[in-house]
Number of protein chains: 2
Amino acid sequence: MEDMQLSERKRQILLNAVEDYIQQASPITSSVIQHKCAKNLSTATLRNELNALEAMGYLKQLHTSGGRVPTSKGYRFYVDSMMADIPLDKNVLSEIHALFNRRTIYLEDMVNEIASVISKATNYPTVVMLKGFEKLTIRNIKIIPLLTGQALILIETNSGIISNSMETDASIPQQSYIDASNLLTQTLKDCTVADMIKNIKSHKDEMSRKVEEFSGIFDIVIKSLTSLIDKLSQGDNITAKGELKLLNNPEYSDPESAKKVLEVLSNPEEIKEVLSEDSADVSFKIGAEIPVEELQGLTIAKADYQVDGESIASIGIIGPQRMDYAKIASALKFVAGEGINLKALTHKKEAKNEQKQAQKQKTRK
Amino acid sequence: MEDMQLSERKRQILLNAVEDYIQQASPITSSVIQHKCAKNLSTATLRNELNALEAMGYLKQLHTSGGRVPTSKGYRFYVDSMMADIPLDKNVLSEIHALFNRRTIYLEDMVNEIASVISKATNYPTVVMLKGFEKLTIRNIKIIPLLTGQALILIETNSGIISNSMETDASIPQQSYIDASNLLTQTLKDCTVADMIKNIKSHKDEMSRKVEEFSGIFDIVIKSLTSLIDKLSQGDNITAKGELKLLNNPEYSDPESAKKVLEVLSNPEEIKEVLSEDSADVSFKIGAEIPVEELQGLTIAKADYQVDGESIASIGIIGPQRMDYAKIASALKFVAGEGINLKALTHKKEAKNEQKQAQKQKTRK
DNA sequence: TGTTAGCACTCTTATTCCTTGATTGCCAAA
DNA sequence: TTTGGCAATCAAGGAATAAGAGTGCTAACA
């Protein structure tokens, strides 16, 4: 009974019901459906249909006389049917594009920047987690001595700069830093961050012979880079932005219910698990699909930010199950680098092409 | 009548009343005072006293029969009397000290770091604004060419590094960057960030002659540094952390009232004015003293973060008027660099000295 | 003159009861 | 299969009531 195929009419009713609830946040009644998409049917008929959908687990009643509300299964059905043909929301896309001008060239700042942009564009709290940074390829390494006795290591990768400080020794001559930088660049060029330390170690003796005066520098470098990688892979690399936007949703007008969720958001460790899962495209975790108890009532939308085909960061948008799936899918598609649309929006010259393509897509429907 | 001197008994009653209200968040009644600090007086007597304090404007009644609550004037009295002898809260101090290990050497990240630390330690939303960065003195300048065609300018100051990227030209030889860096350092050493651009301009021709091959580099440098200073002085340099902690206070259990304030916090431009004011030590703006309408019901505590005697950043802690003034004053004193305690906590060897000093202070009372 | 006991008064808060209105479920007829 | 009709259900809101906490005032007391 549960899994029997829905009739086209039931399908339409269910999709409209969920859509209406997402927009209005008030329970779906037979007459709402009638006005929205079934003017030629009576409310009694629709009541029968709603009753059937309830029996199948797509809807549920909060009170005997209070209309119905989608279940997680109902949302899931809606999302799956929508994802087959995501209606890209032009407004959201151009808003993101306007905001997304990567002012920073530091990889670590990127996490904040993406989170801010997505949160602003979607109006939902957004969590971004740096991951897969080990897959970045190294282009150039510079060690820059500072006057404080420290030095800065800058690693230029194919997506931004990673930097860390290291303790040094005032007696080290400038030339040693330059030698070491050049040797490191030669050795590590085009290898991944993951292999970085291994490669330094295996070439350490060879490199040390070539460094003028202070050959112990590579030990310090290894120490600093180890701590850098620790820092990047642990905790510090996850940020939430726009947490307060959760309060815009009527389901969280009660501060107590909001607080539980905000608690999790302010310490996003628990979401890591959800964001860590690999998923090529935009995906949704709805209600019970989320393995965190405090977030059962929510939906987490997720996508990966890609550079050269590798996932560099995971982006999660968090909201009530009754969230604006279309808008969010649009936003995530953008950042996940959906080829055509990203490029089209990036180069204004191609804007017209893009419109043509969009029209083609429409006609294809 | 209003400004007449308070009797010692009235003073005690008022201070205890405010303190109790800060802790309990429920209106002060005659019997509460009796239990707290006047076991030998009857409630009727205390009612007379409370009545008098109300007439003087220190307290007010919300309802005829609901106990009394401090007015802004009442809080002001409490704070002024407390600030004369700030009871440093050891727990808060050691917590801040544990958190405050300035991992970053970038000036701009410092703003975030301080805000996080203070907010965590005090449990109130904290806003930090970078200011007076122009007074930092320059120690060293490095231009670092990147493979992307950009270059990074690093300015080492007496308090951290400021950096910005600049567009360059792939044809520029390495040596030009080194020459330019050295010349800039020679020219700008020990001058302030404020004078930086002026000094570059006045030495530009002279420096240009000394740079191998590509002498136009200083025009690019000037352009980049101008935009850097713009960035630092405009908007971007103010951050709020721990906004959600506002919800911990019962006065904001109603989400509507909380929202107004959170709105301001999420876009802290309006607080700039408050934070901009110079104030040597820890200061408080209570209620109507705040020139922002949405924040009338609140208190903003403020202090400056000092480096070499100059105010580099302003720190504001925001909470209801009924906030924990002692804890907050402690925290701000720490960051504002109250000599003894800062150093004492920094060097564990001196911990014993500090205890002795604390005892001396006690005996002085 | 300052302090206290006593008592009436005020006002909030919680509880209860009632009404209203929206919505459903079901049944019988089309 | 659809529909009209009708009773049943329940949330939301309002009015009335009761309970409780605290004050103000007055008169007596030290």
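We use all heavy atoms of the structure for the numbers below, so side chains are in, but hydrogens, waters and symmetry mates are not. Given the structure is predicted, the values throughout are model-derived calculations rather than measurements.
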Below the 4.0 Å mark, does D/dT9 have OP1 or OP2 next to a side-chain nitrogen or oxygen of A/Q61? no
Look at the side chain of A/S65 and the base of C/dT23, then say whether one donor and one acceptor between them are separated by less than 3.5 Å. no
OP1 or OP2 of D/dT23 sitting under 4.0 Å from any side-chain N/O of B/N51? no
What is the distance, to the nearest angstrom, from the NE2 atom on B/H35 to the P atom on D/dA21? 12 Å
Would you mind classifying the nucleic acid contact of B/S30 as base, sugar-phosphate or nothing, using non-hydrogen atoms under 4.0 angstrom? sugar-phosphate
Atom pair distance, as rounded to whole Å: CD in A/E54 and C1' in C/dC26: 15 Å
Angle between ring planes, A/F77 versus A/Y58, binned at 30° and 60°: parallel, tilted or perpendicular? perpendicular
A/T29 has a side chain; which of D/dC10, C/dG25, C/dT24 sits nearest to it? C/dT24
Under 4.0 Å: is that the gap between some side-chain N or O of B/R47 and OP1 or OP2 of D/dA21? no
Measure from CG on B/L53 to P on D/dG24 and round the result to the nearest Å. 12 Å
Audit row: B/I315, B/T126, side-chain contact (heavy atoms from CB on, under 4.5 Å) steps and yes/no: CA-CA 7 Å; B/I315 304 162; B/T126 303; 3.9 Å; yes
Out of D/dT9, C/dT4, D/dG24, minimum distance to the side chain of B/A44 belongs to C/dT4
Can you check the A/Q34 CD to D/dG4 P distance for me, whole Å? 9 Å
For the pair made of CD1 in A/I13 and C1' in D/dT2, what is the distance, rounded to whole Å? 13 Å
So among B/K60, B/Q321, B/E289, which one has a side chain to side chain donor-acceptor pair (under 3.5 Å) with B/S72? B/Q321
Looking only at non-hydrogen atoms, find the nearest pair between B/L62 and B/V69 and report the distance. CD1-CG2, 3.9 Å
Toward the 5' end of DNA chain C, which comes first, B/H63 or B/R9, by nearest nucleotide? B/R9
Name the orientation class of the two ring planes belonging to A/Y75 and A/Y21 (parallel below 30°, tilted from 30 to 60°, perpendicular beyond 60°). tilted
Checking all strands, does B/N48 fall into the base, sugar-phosphate, or nothing category for heavy-atom contacts under 4.0 angstrom? base
Distance, rounded to the nearest Å, where B/L50 contributes CG and C/dT3 contributes P: 13 Å
Which part of the nucleic acid, if any, lies within contact of A/T45, taking any heavy atom under 4.0 Å across all strands shown: a base, the sugar-phosphate backbone alone, or nothing? base
I need the CG-C1' distance between B/L59 and D/dT23, as an integer number of Å. 14 Å
Gap between atoms CG and C1', on A/L62 and D/dC10 respectively (whole Å): 12 Å
